[in-house]
There are 2 protein chains.
Amino acid sequence: MKSDALRGHLDALLLATLDGGQLHGYAIIEALQKRSGGALDLPTGTVYPALRRLETAGLVASEWSTVGGRQRRTYRLTKAGHRALAAERTAWREFTTAIEGVLGGGPWPAQA
Amino acid sequence: MKSDALRGHLDALLLATLDGGQLHGYAIIEALQKRSGGALDLPTGTVYPALRRLETAGLVASEWSTVGGRQRRTYRLTKAGHRALAAERTAWREFTTAIEGVLGGGPWPAQA
DNA sequence: CCTGATCCGTAGAGTCCCTACCTATGAAGT
DNA sequence: ACTTCATAGGTAGGGACTCTACGGATCAGG
């Protein structure tokens, strides 16, 4: 999987991952691996800055939860985050429709 | 449509557009608009450098065809370009499968 | 001759993700 | 006690790709 392909879709992935409940960063990465069937293996240098962006944008909120003396930052969706996720899902559908209109819109001799 | 979303998929779009036959740059842009239902409106500053990349990579070939005294550079797929297009289509399917596994892989109470 | 439409192309900037690296805690081995 | 591994969070810098804005050339119409 070309990593450039994720451009502009990362936010949607993170928001969707948090849709199931609050998670901390490391768990988000693992959840993405699981849900994508192993196709997505995002490095921390991708995920943490992205979560920051989302928090700055007000789409997620984070809290420090001290678990066993270890500090884990747990992220959850805000109301705006839920709305943004819905918008991202719609945008994804439109995006795939547009691309497939081109990819599949070539010469189809069998379909005529 | 966020333009960042196209990242990494532009090559596939161009190759697919040329799959129907040779076209010149301007016609490629118009074809993309038509096939995407108007969702894709790529500026020339995006398309021409991309075509160059594809030509450098050996996926497309171009020829100057003088039509009515006007020079138009016509692009067509090479053999490697056809192979690359097939690979891009496969990659696109894997990509959407991975993303949808996450976007749709949230809490589905109705599916259990 | 001059304007508008068509067509090709370049230069520079901006965004976004990745690689590489650093810090810290807790458990387990020696 | 000390080292190593696994877990967990984070930053710095770079590179690749696309977009905005602009420039040039040819033909049709007036």
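Labels below follow one simple rule: chain letters A, B, ... track the order of the sequence lines, proteins then strands, and each chain is numbered from 1.
One can place CG of B/Leu6 at 11 Å from C1' of D/dC17, the figure rounded to the nearest angstrom. Distance, A/Asp11 CG to C/dT15 P: 14 Å, rounded to whole Å. If you take CG of A/Leu51 and P of C/dC16, they are 15 Å apart, rounded to a whole angstrom. Between the C1' atom of C/dT10 and the CZ atom of B/Arg53 lies a distance of 14 Å, rounded to the nearest Å. Whole-Å rounding puts the A/His9 NE2 to C/dC17 C1' distance at 13 Å.
No hydrogens or angles considered: nothing links the side chains of B/Thr96 and A/Thr96 as a donor-acceptor pair under 3.5 Å. No hydrogens or angles considered: a donor-acceptor pair under 3.5 Å links the side chains of A/Gln71 and A/Thr66.
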**OP:** Spell out protein contact along nucleotides 4-16 of chain D as letters: B when the base is contacted, S when just the sugar-phosphate is, - when no protein heavy atom is under 4.0 Å; keep the 5' to 3' order.
**Re:** ---BSBBB---BB
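Of the possible donor and acceptor atoms, one in the side chain of A/Ser65 sits under 3.5 Å from a partner among the backbone N and O of A/Arg72. Between the side chain of A/Thr78 and the backbone N or O of A/Ala61 there is no donor-acceptor pair closer than 3.5 Å.
At least one side-chain heavy atom of B/Leu42 sits under 4.5 Å from a side-chain heavy atom of B/Leu32.
Across B/Arg73 and B/Ser62, no two heavy atoms sit closer than the pair NE-OG, 3.2 Å.
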